[in-house]
Amino acid sequence: MTGKAVSLRDRLEARLAAALAAAGAPAGTPAIVAPATRAGFGDYQANGAMAAAKRMQRKPRDLAEAALAAADIDDLVSHAEIAGPGFINLTLSDACLTAELDAFDANVITPQRPDPAAAPVVVDYSSPNLAKEMHVGHLRSTIIGDAMARVLEHTGHAVLRQNHVGDWGTQFGMLLTWMDELAEDATALGHELLEHELADIETFYRHAKERFDADAAFAQRARDTVVRLQAGDADCLARWQQFIDISMRHCEAVYSRLGVGLDRSHVHAESAYNDDLATVVSDLDAAGLLVESEGARCVFLDEFKGKDDKPLPLIIQKRDGGYLYATTDLAAVRYRCGTLGAGRILYFVDNRQTLHFRQVFAVARAAGFAPADVELEHMPFGTMLGADGRPFRTRAGGVIRLTDLLDEAEERAFALVSEKNPELDEADRREIARVVGIGAVKYADLSKHRNSDYVFAWDSMLSFDGNTAPYLQYAYSRVQSLFRRAQVDPTGFDAPISLREGAERALAMQLLRLPETLATVAKDGVPHLLCSHLFDIAVAFMAFYEQCPVLSAADAATRDSRLALAQRTSAALRTGLGLLGIGTVERM
Ligand code: ARG
């Protein structure tokens with residue numbers, strides 16, 4: 001199937017909007033269908049009649065009644081009633097639910113194929129600075145962006161991942177000079193020194209910085225190196241490439257441990273725009289946007305004012321001719337709109353860069369680099385905090401390298417898994433600990449609203465209770481163990497489903513709402529909603545499992561119906577966690 005499977009909510013929305021129009025509301029009046037706010041109100045409620053009636057100066061209940069009489073919803077709804085001032089409460093029919101459960105695999109589990117005519121979505125994420133090693137500050141962009149790229153793909157969008165790594169700029173002069181020094185020493189000492197130092201980019205950077213700060217001659221050589229590098233000197237470029245390759249390999253090791261789907265093909269580094277920067281400047285100039293201010297070339301737009309109402313510039317070119325972060329981002333907008341043909345560009349970058357992106361987007365629009373129909377969206381996120389409420393750091397106040405953080409996650413998970421399953425052999429416990437430990441770190445982050453800061457806390461993220469990865473992974477393994485005991489392979493299993501018990505129906509409803517959640521996540525960039533929905537599914541499954549015997553069901557048809565419901569649950573949890581970039585294990 002091409003295009004998006006339409007969620008139940010959206011189908012009700014379309015039918016009831018048509019009914020409102022038939023009842024006399026202006027065309028385009030939304031029905032505002034949302035999940036019912038309380039049990040007893042049915043499954044969904046439509047709230048649109050009230051606002052429309054007000055504008056039409058009609059009684060809301062009358063309009064709601066007329067709409068309901070005109071509504072063509074009998075194939076979906078078994079019971080509908082007007083409540084309160086003019087809500088329409090809707091209860092889905094069992095026939096509708098079972099038909100949806102039959103189509104669950106095609107509509108929810110199988111990725112929707114993108115419409116070939118639709119413009120791709122560009123997702124800019126991770127984008128670390130290669131002069132340093134990836135640290136906890138890169139975690140959020142990397143995993144939120146990756147989850148978003150997956151959800152967009154799953155819901156039928158063509159996605160282009162862009163890793164806008166920082167591989168250019170003045171720090172590289174210092175790093176290359178330090179590489180040169182080490183290489184000279186290495187000739188005397190045998191070759192390993194440079195390799196050895198580069199094995200740890202963070203320390204390498206620190207040593208280079210120490211040399212730079214302590215030795216004026218070194219600092220001067222570093223500055224000369226920047227000039228030579230930017231002029232395209234072949235030796236400098238070769239050294240630079242050597243450094244970039246090593247640093248990129250470090251990033252890739254982290255991506256692979258995190259299960260993040262970024263590789264070299266997604267890297268479109270800052271340096272890739274070098275040749276275009278002069279054109280960016282001349283185009284801005286031709287558009288009449290450039291103003292000289294204190295020797296620098298800037299764009300001033302009326303909407304940006306600083307303190308005391310002073311106009312705030314976006315600096316495009318420094319007095320010495322150097323370009324800036326913003327210049328590169330303008331070139332990137334143009335490349336993404338023009339060459340990549342993007343219809344929407346999402347930037348997963350922390351909230352301290354909000355002003356930067358507002359300015360870049362506004363200038364890109366004003367200069368015509370981004371056509372009006374291309375959406376440019378900064379998807380900001382808050383900071384990871386330590387227990388003290390300050391940005392998360394080592395005890396000594398240093399940055400925490402991601403590899404160290406992930407090592408600790410796996411170690412802690414290993415201790416927990418070993419405590420719970422002492423009978424498993426060590427290799428199995430290690431593998432479970434890897435999936436659970438990495439999953440816990442990712443889920444703790446993804447399950448919070450990205451805009452807020454959050455406190456990084458090992459104990460709560462590794463807890464088997466509550467809205468955590470281990471809880472969901474455990475729920476999944478419970479479903480799998482049910483199938484093992486039934487001696488049935490869940491992947492191929494199907495049977496007619498009948499929903500007799502409340503717990504069965506509640507679980508079915510949670511499963512069938514997944515497309516609504518995925519659509520919202522894709523639109524608003526809010527993976528925490530997928531997390532809480534998966535948690536709701538797991539809770540509904542646990543309740544179902546307690547209340548509705550499966551293997552000891554009264555008859556074979558009931559047993560198979562329940563197994564079929566469990567099969568949907570298993571697929572939903574595995575797929576949902578997969579979209580968050582989190583793995584599952586068969587036993588835990
Ligand atoms: N390298 C930048 C940083 O670490 C993030 C880049 C984000 N993407 C962008 N197009 N500016 O701060």
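Just follow the structure's listing: the first ligand is 1, and inside any ligand the first atom is 1. Just the heavy atoms: all of them, side chains too, but no hydrogens, waters or symmetry mates, feed the values below.
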Below 6.0 angstrom between ring centroids: does that apply to Y471 and Y443? no
So which heavy atom in the protein is nearest atom 1 (N) of ligand 1, and how far is it from that ligand atom? S127 O, 2.9 Å
Numbered atoms of ligand 1 (with element) below 4.0 Å of V349, judged on heavy atoms: 7 (C), 8 (N)
Would you mind listing which atoms of ligand 1 come within a distance below 4.0 Å of any non-hydrogen atom of D124? 8 (N), 9 (C), 10 (N)
Could you check atom 12 (O) of ligand 1 against the protein and tell me its nearest heavy-atom contact, residue, atom and distance included? Q353 NE2, 3.1 Å
Taking distance alone, with no angle check, do H356 and ligand 1 share an N/O pair under 3.5 Å? no
Under a 4.0 Å heavy-atom limit, does D329 contact ligand 1 with its side chain, its backbone, both, or neither? side chain
Aromatic F414 / basic R430 pairing, under 6.0 angstrom, 45° off normal: yes
If you take the centroid of each ring, where Trp contributes its six-membered ring, are F348 and F381 closer together than 6.0 Å? no
Pairs in or reaching into residues 332-341: which pass salt bridge (charged side-chain N to carboxylate O under 4.0 Å, His left out), with residues at least two apart or in two chains? D124-R336, D276-R334, D283-R334
Is there a ring-ring contact (aromatic ring centres under 6.0 Å, His included) between Y335 and H268? Walk through the geometry before answering. CA-CA 10 Å; Y335 167 77; H268 205 89; 4.2 Å; yes
With a cut-off of 6.0 Å (strictly less than), are more than 12 heavy atoms of other residues, nucleotides or ligands near CZ of R390? no
Measure from atom 11 (N) of ligand 1 to every heavy atom in F348, Y347, Y325 and give the option owning the shortest one. Y325
